[in-house]
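To start, the structure under review is shown below, and the notes come after it.
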Amino acid sequence: MADHSAPKLDHENHLLLEQPLLRLPYELLRKNLRLAHYEVEKEGAHIKNALKDTATGCVNGRASQQDVLNSLDTMIARMRGVKRKLIAFSEEETRLHRHEEARVRHLAELYSIHSVEDVKYDVWSRIRLDRLLVDYLLRHGHNESARALAEEKNIELLADVETFEQMSRIRKSLLNRSVAEALAWCTAGDTKKELRKINSNLEFMLRYQQYIELVRTRSRTRPNEALNHARKYLMPHKDTYHKEVLRACGMLAVTPSSAPRAYADLYSDDRWRVLADLFTTTHNNLLSLPSIPLLHVALSSGLSALKTPACHSTTHAASTAAPPSHATSLSLATSVCPICSTELNELARNVPYAFHSKSHVEHDLLLLPNDRAYGKARLDEYARKAGLADDQVKDLRTGDVFDVDRLKKVYIT
């Protein structure tokens with residue numbers, strides 16, 4: 001009898017994958033609000049102090065009329081600058097609200113669908129797949145392709161192109177041996193405060209890399225530049241990063257060409273990739289983004305539903321070590337089973353095995369000499385339709401005919 005509960009749509013499990021879709025605009029709205037508040041507080045305090053000094057100077061007679069007018073003009077110009085910044089913050093907030101509204105509407109459509117066989121579910125799933133592909137492209141730096149796909153599928157409000165483009169630009173600058181953009185990001189607005197809350201070492205490591213480059217390119221014309229940099233940015237953190245600061249001091253006594261093994265890794269080009277990865281991880285943590293593409297998360301959940309101990313093996317090693325007949329069956333299994341496929345085998349390696357409380361395997365399995373297994377009832381029916389003798393069966397796929405006495409009973413464990 002058919003299982004009629006299978007086509008029913010589980011909305012809650014679907015939404016587990018969609019948390020970043022709503023979370024990122026929310027985090028960006030919080031950041032935008034904090035920046036606007038910081039700007040108002042900073043400029044407000046400056047205007048209050050300037051106004052107080054102007055009023056005091058006017059009352060005491062130490063400020064002339066022209067000085068007072070100039071001070072007022074300066075305050076008015078400053079407040080106009082604040083107004084322009086607040087307008088920009090307001091426009092950003094409106095944009096983020098549009099994104100959030102579109103995403104809520106997109107997820108709300110899911111609750112109007114009650115079966116996976118509904119045509120509307122196919123449309124909704126296609127939109128989700130397009131979103132996952134855009135996210136995958138953005139995380140791998142293919143920004144133009146991601147933007148083109150989002151525009152073609154009309155899902156710009158469901159994709160975070162601008163956020164990942166900024167991250168990609170900073171990451172690329174680090175790989176190109178420049179820490180300027182990453183440092184600007186660390187010190188912009190209240191990001192520095194947020195990094196301190198999560199105990200991030202990103203800014204220190206960026207300053208540390210600056211110091212390494214200064215030591216690498218030190219010259220007689222600016223002999224104290226690296227030392228001054230260390231005093232300003234590294235020594236205040238000597239208690240927290242004691243080992244790094246000690247090595248920084250030791251670098252002053254050696255040159256890159258004669259550096260011993262203990263300092264060789266500091267001059268290695270691999271440090272730039274490590275810095276880029278550290279920035280990416282920190283950026284994702286601040287915005288509550290998953291560390292891996294959402295496409296991998298979705299694939300992993302699907303692979304976990306299919307994975308069995310028999311599936312996951314070293315496909316390449318088994319295929320090379322096995323005899324020709326077994327190698328053929330392995331290649332066939334690889335082409336049929338997603339877990340055994342060369343494309344998804346590595347991704348499925350760390351996902352848990354499937355838990356099946358109900359078996360859908362035929363209870364009367366028989367193993368054919370070609371290592372294929374079918375139910376006895378199906379084999380008998382297929383043999384009868386094919387007009388075979390009573391002591392013969394036929395493979396449902398290949399059409400090979402075998403004697404019944406060559407079949408073996410299969411027990412599922």
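Please read all numbers here as calculations on a predicted model, not as lab measurements.
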Check: [Y] main-chain N/O paired with [X] side-chain donor or acceptor under 3.5 Å:
X: N370; Y: R372; answer: yes
X: R103; Y: R98; answer: no
X: N32; Y: F89; answer: yes
X: S178; Y: L174; answer: no
X: T191; Y: A188; answer: yes
X: T281; Y: D277; answer: yes
X: N228; Y: N224; answer: yes
X: H97; Y: L29; answer: no
X: S71; Y: V68; answer: no
X: H140; Y: Y136; answer: yes

> What residues form a side chain to side chain contact (heavy atoms under 4.5 Å, CB included) with A148, not counting sequence neighbours?
Replying inline: none
> Where do Y374 and L368 land on the side-chain contact (heavy atoms from CB on, under 4.5 Å) test, with the steps shown first?
Replying inline: CA-CA 8 Å; Y374 301 98; L368 275 61; 4.0 Å; yes
> Which pairs, with at least one residue in residues 24-82 and sequence neighbours excluded, count as a ring pair (Phe, Tyr, Trp, His ring centres under 6.0 Å)?
Replying inline: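 Passing the test, one end in residues 24-82: no pairs.
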Heavy-atom side-chain contact between [X] and [Y] under 4.5 Å:
X: D395; Y: Y382; value: no
X: R128; Y: L158; value: no
X: H11; Y: H114; value: yes
X: R131; Y: H106; value: yes
X: F204; Y: T240; value: no
X: L137; Y: R147; value: no
X: S168; Y: L138; value: no
X: K8; Y: S115; value: no

Scan side-chain atoms only and decide if [X] and [Y] contain a donor-acceptor pair under the 3.5 Å cut-off.
X: S64; Y: D67; result: yes
X: T398; Y: D400; result: yes
X: N284; Y: S291; result: no

Taking [X] first and then [Y], would you say they form a salt bridge - that is, a charged N and a carboxylate O separated by under 4.0 Å?
X: E194; Y: R34; result: yes
X: E91; Y: R95; result: no
X: R139; Y: D160; result: no
X: E27; Y: R23; result: yes
X: E244; Y: R247; result: no

> Is the F279 ring parallel, tilted or perpendicular to the H283 ring (thresholds 30°, 60°)?
Replying inline: tilted
> Parallel under 30°, tilted from 30 to 60°, perpendicular over 60°: which one fits the rings of H14 and Y121?
Replying inline: perpendicular
Once you round to the nearest 0.5 Å, how far does [atom1] of [X] lie from [atom2] of [Y]?
X: C186; Y: K192; atom1: SG; atom2: NZ; answer: 8.0 Å
X: N285; Y: S200; atom1: CG; atom2: OG; answer: 8.5 Å
X: M167; Y: W185; atom1: CE; atom2: CH2; answer: 10.5 Å
X: L133; Y: S145; atom1: CG; atom2: OG; answer: 11.5 Å
X: R207; Y: I212; atom1: CZ; atom2: CD1; answer: 14.0 Å

> Stepwise, does the side-chain contact (heavy atoms from CB on, under 4.5 Å) test hold for T74 with R78?
Replying inline: CA-CA 6 Å; T74 301; R78 195 167 187 122; 5.6 Å; no
Exercise: identify the closest heavy-atom pair between [X] and [Y]:
X: D364; Y: A377; value: OD2-N, 3.2 Å
X: G399; Y: K394; value: O-CE, 3.4 Å
X: K409; Y: L365; value: CD-O, 3.6 Å
X: L9; Y: I113; value: CD2-O, 3.4 Å
X: H99; Y: A159; value: CE1-O, 3.7 Å
X: P25; Y: P20; value: CD-O, 4.5 Å

>> Applying salt bridge (charged side-chain N to carboxylate O under 4.0 Å, His left out) to E213 and R216, what does each step give before you reach the verdict?
In response: CA-CA 5 Å; E213 296 306 313; R216 190 200 304 269; 3.0 Å; yes
If you draw a 6.0 Å radius around [atom1] in [X], do more than 12 non-hydrogen atoms from other residues or ligands fall strictly inside?
X: R177; atom1: CZ; result: yes
X: K385; atom1: NZ; result: no
X: R126; atom1: CZ; result: no
X: K48; atom1: NZ; result: no

> Would you say the ring centroid of Y233 lies under 6.0 angstrom from that of Y211?
Replying inline: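 Not close enough - the centres of the two rings lie 6.0 Å or further apart.
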>> Please determine whether side-chain contact (heavy atoms from CB on, under 4.5 Å) holds for the pair F164 and L289, giving the CA-CA distance in whole Å, both sets of side-chain angles, and the decisive distance to 0.1 Å.
In response: CA-CA 11 Å; F164 280 100; L289 290 170; 4.0 Å; yes
>> With salt bridge (charged side-chain N to carboxylate O under 4.0 Å, His left out) as the criterion, how do E101 and R105 come out once you've worked through the C-alpha distance, each side chain's angles and the decisive distance to 0.1 Å?
In response: CA-CA 6 Å; E101 181 183 3; R105 188 166 56 248; 3.8 Å; yes
> Can you list the steps and then say if R271 with Y208 is a side-chain contact (heavy atoms from CB on, under 4.5 Å)?
Replying inline: CA-CA 11 Å; R271 286 186 59 85; Y208 196 60; 3.5 Å; yes
>> Let's go through Q166 and E162 carefully: what are the C-alpha distance in whole Å and the side-chain angles of both, what is the deciding distance for side-chain hydrogen bond (donor to acceptor under 3.5 Å, both in side chains) to 0.1 Å, and is it a yes or a no?
In response: CA-CA 6 Å; Q166 181 195 33; E162 293 81 3; over 6 Å; no
